[in-house]
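Let me begin by presenting the structure, written as structure tokens, before commenting on it.
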Amino acid sequence: MQIVSGSDDKSIQVWDTLTGKQVQKFQGHTSGVTSVAFSPNGTQIVSGSDDKFVKVWDALTGKQVQKFQGHTSKVSSVAFSPDGVQVVSGSDDNSVQVWDTWTGRQVQEFQSHSDLVTSVAFSPDGSQIVSGSQDNYVQVWDVLTDKQ
């Protein structure tokens with residue numbers, strides 16, 4: 001079993017949970033890595049960074065396979081959808097953005113928080129996105145209708 005971590009040294013590290021040893025280290029961000037997650041099937045890793053980018057990596061080779069650009073401030077939280085087809089990201093620019101992992105395109109953006117977005121996640125069935133913010137609100141979005 002493996003886990004993944006992001007670091008202020010701009011790296012993404014994969015660890016073996018049985019031995020506690022680092023098994024891989026990816027480089028590619030130009031600032032600290034603030035959030036990381038494995039895809040549901042374990043073949044990819046998503047990362048968000050102070051450099052304002054969201055990147056998707058091949059978990060086996062460490063090769064960058066996608067780079068999402070759209071946030072105007074640091075990315076604080078990232079997560080895969082349950083089917084691994086989309087990534088959601090939250091940022092200090094107060095926005096929540098949804099990305100297609102195959103095309104690299106932004107497919108949705110939610111701009112209703114009045115302060116930094118600190119946490120994002122998909123519901124287990126992928127039909128909703130939840131975001132938490134320093135504005136003291138948690139917002140839930142319907143992925144199909146774009147409505148709260």
Side-chain angles (χ1 to χ4, degrees), residues 2-15 22-124 126-148:
Q2 295 181 333
I3 57 173
V4 63
S5 66
S7 177
D8 220 22
D9 72 359
K10 309 172 195 170
S11 73
I12 297 149
Q13 299 175 36
V14 179
W15 304 87
Q22 177 184 306
V23 294
Q24 259 185 323
K25 185 173 184 176
F26 309 161
Q27 298 284 350
H29 282 287
T30 58
S31 294
V33 178
T34 55
S35 183
V36 292
F38 272 108
S39 61
N41 66 7
T43 63
Q44 295 183 321
I45 294 169
V46 63
S47 62
S49 170
D50 288 342
D51 65 11
K52 306 176 193 171
F53 291 104
V54 176
K55 297 184 177 188
V56 177
W57 310 84
D58 182 294
L60 186 61
T61 66
K63 180 182 175 190
Q64 179 184 308
V65 295
Q66 284 290 358
K67 179 179 176 181
F68 307 135
Q69 182 177 0
H71 287 293
T72 59
S73 190
K74 80 174 191 174
V75 178
S76 55
S77 185
V78 294
F80 273 100
S81 60
D83 62 6
V85 174
Q86 294 183 325
V87 165
V88 62
S89 58
S91 170
D92 284 7
D93 65 10
N94 306 351
S95 76
V96 174
Q97 298 183 13
V98 183
W99 309 91
D100 184 304
T101 60
W102 293 349
T103 66
R105 293 192 176 136
Q106 182 188 42
V107 294
Q108 289 173 302
E109 182 174 18
F110 306 113
Q111 291 260 357
S112 67
H113 282 291
S114 62
D115 208 340
L116 315 176
V117 176
T118 56
S119 183
V120 293
F122 277 92
S123 62
S127 69
Q128 295 178 315
I129 291 171
V130 63
S131 59
S133 169
Q134 285 188 4
D135 64 10
N136 296 320
Y137 287 97
V138 172
Q139 297 184 2
V140 180
W141 303 92
D142 184 292
V143 173
L144 295 177
T145 66
D146 291 344
K147 300 202 188 252
Q148 267 185 301

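Closest heavy-atom contact between G42 and A59: O-CB, 3.5 Å. Of all heavy-atom pairs spanning V120 and V117, the tightest one is CG1-CG1, 3.9 Å. Nearest heavy-atom pair across Q2 and V14 is OE1-CG1, 3.5 Å. Between S123 and P82, the shortest heavy-atom contact is O-CG, 3.4 Å. The heavy-atom pair separating F26 from D58 by the smallest distance is CZ-O, 3.9 Å.
Checked by atom type and distance alone, the side chain of D100 never pairs as donor or acceptor with a backbone atom of Q86 at under 3.5 Å. Using a distance-only test at 3.5 Å, with no hydrogens or angles considered, a donor-acceptor pair links the side chain of Q66 to the main chain of W102. Side chain of S133 to main chain of D115: a donor-acceptor pair is present (N/O by atom type, distance under 3.5 Å, no hydrogens or angles). When atom types are taken as modelled, the side chain of S7 and the backbone of S11 share no donor-acceptor pair closer than 3.5 angstrom. Under a 3.5 Å cut-off, the side chain of T34 and the backbone N or O of D50 do not form any donor-acceptor pair. The backbone N or O of K74 sits less than 3.5 Å from a side-chain atom of S91, completing a donor-acceptor pair. Under a 3.5 Å cut-off, the side chain of Q134 and the backbone N or O of T118 do not form any donor-acceptor pair. When atom types are taken as modelled, the side chain of D135 and the backbone of H113 share no donor-acceptor pair closer than 3.5 angstrom. No donor-acceptor pair closer than 3.5 Å links the side chain of Q97 to the backbone N or O of Q106.
The shortest distance between side-chain heavy atoms of S76 and D92 falls below 4.5 Å.
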Is there a side chain to side chain contact (heavy atoms under 4.5 Å, CB included) between H29 and I12? Walk through the geometry before answering. CA-CA 9 Å; H29 282 287; I12 297 149; 4.2 Å; yes
Evaluate side chain to side chain contact (heavy atoms under 4.5 Å, CB included) for V143 paired with S127, printing each intermediate quantity in order. CA-CA 5 Å; V143 173; S127 69; 5.7 Å; no
Please report the C-alpha distance between L116 and N94 in whole Å, then the side-chain angles of each, then the deciding distance to 0.1 Å, and finally whether the side chain to side chain contact (heavy atoms under 4.5 Å, CB included) criterion is met. CA-CA 5 Å; L116 315 176; N94 306 351; 4.2 Å; yes
Residue pair V56, W99: steps toward the side chain to side chain contact (heavy atoms under 4.5 Å, CB included) verdict: CA-CA 11 Å; V56 177; W99 309 91; over 6 Å; no
Begin with the C-alpha distance, continue with both residues' side-chain angles, and end with the deciding distance and a verdict on side chain to side chain donor-acceptor pair (under 3.5 Å) for Q44 and T101. CA-CA 10 Å; Q44 295 183 321; T101 60; 4.9 Å; no
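Using a 30° and 60° split on the angle between ring planes, W141 and F110 fall in the parallel class, below 30°.
Applying the salt bridge (charged side-chain N to carboxylate O under 4.0 Å, His left out) criterion to D9, with sequence neighbours excluded, gives K25. Applying the salt bridge (charged side-chain N to carboxylate O under 4.0 Å, His left out) test to D51 and every residue at least two apart in sequence or in another chain returns nothing.
One distance of note links CD of Q27 with CD of Q13; it measures 8.5 Å at 0.5 Å rounding. We find the CD-OG distance between E109 and S89 to be 9.0 Å, quoted to the nearest 0.5 Å. Residue F80 holds its CZ atom at 8.0 Å from CG of N41, rounded to the nearest 0.5 Å.
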